[in-house]
Structures are given as C-alpha cells and as structure tokens.
Number of protein chains: 4
Amino acid sequence: MDAAAHVLCTKGFAGTRLTDVAEHAQLQAPAIYYYFASREDLIEETVFRGVNDLRNHLKRALDALPPGTSPMDQILTAAEVHLRHGLELSDYARASIRNSSQIPERLRARHKKELTAYNRIWKRLMTAAAADGQIRDDVDPKLAQPLILGALNWSAEWWDPRRNSVDTLVANAQVFIRHSLSPAPKPVRRRAKGPVSG
Amino acid sequence: MDAAAHVLCTKGFAGTRLTDVAEHAQLQAPAIYYYFASREDLIEETVFRGVNDLRNHLKRALDALPPGTSPMDQILTAAEVHLRHGLELSDYARASIRNSSQIPERLRARHKKELTAYNRIWKRLMTAAAADGQIRDDVDPKLAQPLILGALNWSAEWWDPRRNSVDTLVANAQVFIRHSLSPAPKPVRRRAKGPVSG
Amino acid sequence: MDAAAHVLCTKGFAGTRLTDVAEHAQLQAPAIYYYFASREDLIEETVFRGVNDLRNHLKRALDALPPGTSPMDQILTAAEVHLRHGLELSDYARASIRNSSQIPERLRARHKKELTAYNRIWKRLMTAAAADGQIRDDVDPKLAQPLILGALNWSAEWWDPRRNSVDTLVANAQVFIRHSLSPAPKPVRRRAKGPVSG
Amino acid sequence: MDAAAHVLCTKGFAGTRLTDVAEHAQLQAPAIYYYFASREDLIEETVFRGVNDLRNHLKRALDALPPGTSPMDQILTAAEVHLRHGLELSDYARASIRNSSQIPERLRARHKKELTAYNRIWKRLMTAAAADGQIRDDVDPKLAQPLILGALNWSAEWWDPRRNSVDTLVANAQVFIRHSLSPAPKPVRRRAKGPVSG
DNA sequence: AATGAATGAGAGTTCATTCAT
DNA sequence: CATGAATGAACTCTCATTCAT
C-alpha cells in the first residue's frame with residue numbers, strides 16, 4: 001500500500017490527501033486506517049523508508065565494489081546508485097527528498113537521522129578522496145558534497161525518460177562530478193618529464 | 001503584500017494557507033481578497049514574479065559584463081547571480097523554484113513560460129561555451145545545464161548562513177562548475193604555457 | 001437611491017447584496033450607509049414603501065371614480081391599478097410583494113400593517129359588492145379576494161411586455177375577474193318572463 | 001434528505017443555508033455532500049423534482065378521468081390537483097414555484113424545461129376548452145391560463161389551514177375558475193333547458 | 001479486511017459593516 | 001458625500017477520521 005509515496009512526489013506533503021493515496025491503491029480512504037494509525041504515520045513511514053532504502057542500496061553497492069577501488073570511483077558509484085534509485089526504482093526516495101523541507105518537525109525525527117546517516121556515507125567517501133589527493137584543493141569537500149547531491153536530486157524535476165536514457169544521464173553526471181572534483185592532472189604526467197613542480 | 005512568497009517557500013503549494021500569509025503580512029485573511037481575486041491568483045502571481053525577477057536580474061548582470069567576456073565567465077556569473085538571488089534576495093525565487101512541480105497545471109502557464117525563457121538564457125551561454133571549445137566533449141551541454149542548475153537550486157535546502165558565507169559558496173560553486181565543464185588541459189601543448197586557467 | 005428595489009425583485013430578500021444595490025445606483029457599497037443605517041433598514045424601508053405607494057395609488061384612483069360607481073366597477077378599477085402599478089410603475093411594489101414571505105419577522109412589522117390596510121380596502125370593496133348582490137353566492141368573498149390578488153400578483157412572474165400590452169392584460173384580467181365573481185345574470189331578464197325562480 | 005425543499009419554500013433561494021437544510025434533516029451540514037456534489041446541485045435537483053412530481057401527478061389525475069370528460073371539467077380537475085399538490089403534499093412544488101425567478105439561469109435548465117412541459121398540459125386543456133366553446137370569447141386563453149395558475153400558486157402565500165379546509169378552497173377556486181372562463185349563458189335558448197352547469 | 005455513512009475541524013471565500021480620509 | 005482599505009461573522013466546501021457493519 002505504501003505506493004502512496006507516489007502521491008507525495010507529485011503533490012508534496014500538504015497536498016497529499018488520503019483519498020488520492022487510497023485511489024492510487026484501489027482502495028477507499030478509511031481502509032488506510034487498517035494499516036496506519038494516521039495520515040502522519042503513513043507519511044512518516046513512507047518518508048523514512050525513502051532514505052532508508054536508498055542508504056541500504058548504497059551500502060550494498062559500495063560493499064560490492066572490489067577492494068581497493070579508489071575513493072573517486074566509489075563516489076561515482078554512489079552517484080550512479082543515487083540517480084538510478086531515485087529515477088528508476090523508487091517513488092519513496094523522491095518522496096523523501098522532495099518533501100524534506102516541507103514536513104513538520106514532528107514527523108522528521110527518524111527521517112532526519114537516516115538522512116544524516118546517508119550523508120555520512122558520502123562524507124566518508126569525500127574525505128577519503130580528499131585525503132587521497134583526488135579532490136582539487138580549491139574546492140571544499142563539505143560544500144562540494146551537497147552541490148553534487150543537489151545536482152543529482154534535482155534530476156527528478158527535469159529528467160525525461162523519453163529524451164535521455166538513465167544510462168546517458170548517469171554517464172554524464174559521472175563525468176560532470178569527476179571533473180568538478182578532480183585536481184588538474186599535472187603530477188602524473190609531468191613527473192616523468194622533468195622538475196616542473198615539486 | 002507579496003511577502004507571502006515566504007510561506008510558499010516553507011510550506012509548499014498546498015501547505016500555504018491564507019491565514020499564514022495574512023499573519024505574515026500583519027493582516028486578516030479576508031484582506032488578501034482586496035488585492036487578489038483568489039488564493040490561486042495570489043500564488044500564480046507570486047510564483048511568476050519569482051522567475052521573472054530572477055530572469056531580469058540575470059539579464060542585467062550579463063549586460064553589465066564587459067564586452068568580450070568569455071562564455072565560461074558568463075556562465076560563472078550566471079551561477080553567481082542565481083545563487084545570490086535565491087539565497088540572499090528573494091523568497092520569490094525560492095517559492096517559484098521549490099514549488100515548480102507541485103503547482104497544478106492551471107496555474108503554471110505564465111510561470112512555465114518564464115522558466116523556459118530563463119533556461120533559454122542559460123542554454124545560449126552553454127551553446128556559446130561549447131562552440132568556443134570551453135566545454136569538454138564527453139559532457140552533453142543539454143544535460144550539464146540542468147545538473148548545474150540543480151546543484152544551485154538545491155543550495156536553498158541545505159545552505160546555512162551560519163556555516164558558510166554566500167561568498168564562499170559562490171566561489172566553490174564556480175570552481176565546481178568551471179571544472180565540471182572545462183575540457184582537460186592538453187598536457188603536450190600546455191607545458192610551455194603556464195597555469196591552467198579557463 | 002431607493003432604486004435598490006430593483007435588486008430585491010430579481011434576487012429576493014437574502015440574495016440582495018449591498019454591492020449589487022450600490023452598483024445599480026452607480027455608487028460604492030459603503031455609500032449606502034450615508035442614507036441608511038443598515039441593510040435591513042434599507043430593505044425594510046423599500047418593502048414598506050412598496051405597499052404604501054400602492055395603497056395610496058389605489059386610494060386616489062378610487063376617490064377619483066364618479067360617485068355611484070358600482071362596487072364591481074370599483075373592484076375592476078382596483079384590479080387595473082394593482083396590475084399597472086406592479087407592472088408599469090414600480091419595482092417597489094414587486095419587491096414588496098414577491099418577498100413578503102421571505103422577509104424575517106423583525107423587518108415585517110410596518111410592511112405587514114400596510115399590507116393589511118391595503119387588503120382592507122379590497123375587503124371593503126368585496127363586501128360592498130357582495131351586499132349589492134354582485135358576487136355569486138357559491139363563492140366566498142374572503143377566498144375570492146386572495147385568489148384575485150394572486151392572479152394579479154403572479155403576473156409579474158410571467159408577463160412579457162413584448163407579447164402583450166398592459167392594456168390587453170388589464171382588459172382580460174377584468175373580464176376574468178368580473179365573471180369569476182358575478183352571479184348568473186338570471187334575475188333581471190327572467191323576472192319579466194315568468195315565475196321561474198323565487 | 002430532500003426534505004430540504006422545506007427550507008427553500010421559507011427562505012428563498014439565496015436564503016437557503018446548508019446548515020438549515022441539514023438541521024431539518026437531523027444531520028450535520030457536511031453530510032449533505034455525501035449525497036450531493038454541491039449546494040447548487042441539491043437545489044437544482046429539488047427544484048426540478050418539484051415541477052416533475054407535480055406534472056406526473058397531474059398526468060395521472062387526468063388519465064384517471066372517465067373518457068369523455070369535458071375540457072372544462074378537466075381544467076377544474078387540474079386546478080384541484082395543482083392546489084392540493086402544492087398545499088397538502090409537497091414542499092417541493094412550493095419550492096419550485098416560489099423560487100422560479102430567483103434561481104440563477106445556470107441552475108434552471110431542467111427546471112425550466114419541466115415547467116414548460118407542465119404548462120403545455122394546461123395549454124392543451126385550455127385550447128380544447130376554447131375549441132369546445134367553453135371559454136368566453138372576450139377572454140384570451142393564453143392570458144387566462146397564467147391568471148388562473150397565478151391565483152392557484154399564490155394560495156401558498158396566504159392559505160391558512162386553520163381558517164379554511166383545502167376542500168373549501170378547492171371548491172371556491174373551481175367555481176371561481178369555471179365562471180371566469182365560461183361564456184355567458186345565452187338566455188334565449190336557455191329558458192327551456194334547465195340549470196346552467198358546464 | 002474493507003466500506004458506506006457521517007462528523008468535526010478548519011480551509012477559502014463572501015459580505016455587511018466600519019473608519020480614516 | 002463618497003471611497004479605499006480592512007475586518008469579523010458566517011457560509012460553502014474539503015478532508016482526516018470514526019464507527020457500525
């Protein structure tokens with residue numbers, strides 16, 4: 001029944017009516033109360049599950065990478081997961097992310113915690129990448145991270161499956177991210193040639 | 001009275017109650033009807049003005065650039081305008097952008113048209129930059145553009161003035177964008193030339 | 001300003017909005033309060049004036065009849081006055097009559113009194129006619145009177161000046177009334193012929 | 001629930017508040033929306049049903065008359081039906097008739113059509129009576145018809161069951177109508193024949 | 001496990017009314 | 001004498017929620 005996440009994506013928090021949710025589930029509105037104590041419960045649950053699923057999905061994907069994968073490659077994998085999850089798999093993720101700021105504090109506790117946890121994963125990746133010299137030093141990883149996630153999140157607003165495949169979008173986003181972060185590739189090539197830089 | 005854009009930012013389209021708007025304007029709700037025919041009118045107007053202001057702001061900023069400014073620098077200027085306008089100046093812009101997808105079709109006509117016009121400006125800049133060889137060829141400008149705007153738009157969700165100044169954010173975003181787009185420096189020819197730049 | 005009677009005719013008591021009245025008088029609504037203390041006052045006044053005018057009109061018309069006019073002819077005159085006044089002259093009369101039953105008790109005192117007075121005139125005519133043998137004895141004058149007035153009052157609902165002149169309507173109504181009331185013209189002609197009836 | 005016709009009779013179109021209707025039905029106002037889409041729907045339906053019922057009632061009554069009943073007797077039957085239906089049976093009829101002119105065009109379509117149909121029946125009766133020589137030739141049946149219906153309709157405004165029984169009223173109205181329409185008895189031929197009758 | 005019927009709280013909206021100007 | 005601006009009361013209507021079934 002939780003496919004009521006769908007309505008949340010489209011109408012936003014306040015615009016989500018139980019009637020619509022029920023209709024989407026081919027049910028009558030009161031039937032929802034068999035499964036959830038209240039509208040708020042339903043939304044809280046949905047919104048929580050959004051980030052929760054996404055985080056689990058990301059964890060599994062990162063764990064599945066071969067050991068020794070570079071931080072930058074992990075970041076690019078994370079970006080792919082984030083995009084695909086949001087665009088292909090789950091209304092939940094979209095519901096969670098879009099309504100983040102509209103949901104009253106009261107319902108946000110779990111959601112927020114989960115979101116923090118999700119961001120922590122990204123932070124770890126960014127930090128690792130920075131430590132590894134894979135992030136240019138005129139970019140603050142703490143700011144780059146939300147910029148990246150913003151670019152990815154916003155895709156839900158404009159991406160049109162009839163214009164571009166997810167694959168294309170993922171590829172472009174990855175290039176986009178890699179170069180926005182990567183330092184100029186001086187060292188490797190230059191070192192062989194001569195003492196240009198220290 | 002239009003400072004009711006404020007409520008739109010916080011509560012979203014459906015969550016915007018006339019009572020709240022009125023209270024924010026130190027008025028009683030019915031007083032709104034002296035100026036607007038309906039709630040929908042008020043919102044339509046507000047949301048339209050959001051993009052409209054932003055577009056005018058951007059146009060002025062671009063016109064003020066010295067002739068011969070490179071497309072990439074124009075893009076970076078546009079990014080700065082977009083960020084500063086959304087974060088510092090105007091609830092309207094935020095109201096417009098955040099609620100884009102939640103507003104019923106009926107009210108979106110003008111808003112949509114204005115948004116398209118705004119995007120057209122960006123598109124022109126991107127195309128010029130591409131023609132100038134300032135965009136790497138493994139990035140599709142048509143996709144890069146919304147990724148960039150997404151990164152910028154999303155800032156409204158997370159940016160905390162107490163943590164980072166807008167200046168810092170702008171600087172970071174500009175570096176972020178410049179390198180996400182710029183083609184790799186060509187090492188062979190570059191050796192003799194000097195710093196990377198753009 | 002009292003041409004607000006017009007609105008009363010069309011929209012009824014509860015449907016009469018000060019805005020409409022004011023518009024009809026090429027004024028803004030608050031201007032009404034310069035002349036009347038409240039909406040109710042305006043309506044009360046209007047509705048009173050409706051019957052009052054009508055009654056005065058009728059009195060004058062009856063007084064103008066040559067002495068010795070038969071009760072029946074007086075009734076027919078009254079009918080003509082009633083029709084003409086309602087249809088040609090006065091929104092007031094129509095406003096008064098149509099809304100009689102919809103107006104809350106509180107506002108009806110004067111109106112009711114005036115209406116009673118008006119009916120009393122008719123009653124006097126009917127009684128006189130009955131005493132004069134000009135009303136058939138299988139008709140109760142107390143019931144015939146409101147039937148007649150009903151027929152006349154209702155004309156405001158259906159009469160279309162483009163179809164029938166008031167003159168035609170008046171003529172027909174008079175014939176209609178005369179014969180609905182008059183006894184069969186037996187006595188005069190029969191008495192001469194023989195002892196048919198006692 | 002439709003017993004909300006009651007309120008229409010008393011308060012008129014604009015004065016009919018859902019609260020009152022609901023109270024009369026021992027319900028809360030919003031409950032009305034379970035059965036009707038809007039106030040206007042409820043009123044439209046009610047007002048339509050008013051004439052519709054009346055027309056059906058009349059049709060049945062006329063069909064029940066023995067074949068060969070004279071047109072005049074049919075008219076008198078119709079008058080009885082009209083009176084009894086309006087006064088004894090149905091708030092609906094009264095609601096329909098009283099508010100005829102106050103209801104906005106938008107809601108009148110069906111009601112108007114039905115009313116025309118009802119009038120058509122009367123017209124048929126009047127025409128038949130005229131063709132049969134049962135209507136005096138100094139009365140235009142097209143004008144006599146609304147005069148009669150007016151007399152009957154108006155009864156709702158003044159009839160007081162405590163003063164006169166419906167039976168009395170019906171009897172009087174019938175005499176009233178019969179003679180208002182019937183041609184003068186032709187004295188010459190009549191002498192030999194007997195009572196007037198029709 | 002689900003629904004039809006109903007309700008109470010609260011939303012948008014209308015309107016008479018006020019008041020400074 | 002009249003209006004622009006604003007308000008409070010009241011109305012229609014929506015919606016989450018309940019409850020008997």
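Small disclaimer: the values here were computed from a predicted structure and weren't measured. Per chain, numbering begins at 1; letters A, B, ... match sequence-line order.
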Protein-nucleic acid N or O pairs under 3.5 Å, nucleotides 17-19 of chain E:
{"residue": "E:dT17", "atom": "OP2", "partner": "C:Tyr33", "partner atom": "OH", "Å": "2.4"}
{"residue": "E:dT17", "atom": "OP2", "partner": "C:Arg39", "partner atom": "N", "Å": "2.7"}
{"residue": "E:dT17", "atom": "O5'", "partner": "C:Tyr33", "partner atom": "OH", "Å": "2.7"}

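Classified by interplanar angle (parallel below 30°, tilted 30° to 60°, perpendicular above 60°), the ring pair B:Trp154/A:Trp154 is perpendicular.
Whole-Å rounding puts the C:Tyr35 OH to F:dT3 C1' distance at 13 Å. Put simply, CD on D:Glu23 is 15 Å from C1' on F:dC11, counting in whole angstrom units. Going from atom OH of B:Tyr34 over to atom P of E:dT14 covers 16 Å, rounded to whole Å. Computed from coordinates, the A:Ile32 CD1 to F:dC15 P distance equals 13 Å when rounded to whole Å. Remark: P of F:dC1 and CZ of C:Phe36 are 14 Å apart, rounded to the nearest angstrom. Atom CG of D:Leu27 and atom P of F:dC13 are 16 Å apart (whole Å). Between the CD atom of A:Gln28 and the C1' atom of E:dT3 there is a distance of 6 Å, rounded to whole Å.
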Original post:
Given D:Glu40 and D:Arg106, is the salt bridge (charged side-chain N to carboxylate O under 4.0 Å, His left out) satisfied, shown in steps?
Top reply: CA-CA 9 Å; D:Glu40 301 210 331; D:Arg106 185 169 15 113; 2.4 Å; yes

**OP:** Starting from the C-alpha separation in whole Å, work towards a yes-or-no answer on salt bridge (charged side-chain N to carboxylate O under 4.0 Å, His left out) for A:Glu157 and A:Arg98.
**Re:** CA-CA 9 Å; A:Glu157 304 276 339; A:Arg98 289 226 204 150; 3.3 Å; yes

Subject >> Watson-Crick and G-U pairing of DNA chain F written in dot-bracket, each distance under 3.5 angstrom, with | for inter-strand partners >> reply: .||||||||||||||||||||

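The side chain to side chain donor-acceptor pair (under 3.5 Å) test applied to D:Arg17 returns D:Asp20, not counting sequence neighbours. Annotation: side chain to side chain donor-acceptor pair (under 3.5 Å) contacts of D:Thr116 (sequence neighbours excluded): none. With sequence neighbours left out, C:Ser155 forms a side-chain contact (heavy atoms from CB on, under 4.5 Å) with C:Leu83, C:Leu87, C:Trp158, C:Leu169. Partners of B:Lys112 according to the side-chain contact (heavy atoms from CB on, under 4.5 Å) rule, which considers only residues two or more places apart in sequence or in another chain, are B:Glu105, B:Arg108.
Closest to the C:Thr19 side chain, of the nucleotides E:dT7, E:dA16, F:dA2, is E:dA16.
Side-chain contact, B:Arg49 with B:Ser90: no donor N or O sits under 3.5 Å from an acceptor N or O.
Place D:Arg17 and B:Gln26 on DNA chain F by their nearest nucleotides, and B:Gln26 ends up nearer the 5' end.
Heavy atoms only, all atoms of each residue included: C:Thr16 and C:Arg39 are closest at O-NH2, 3.0 Å.
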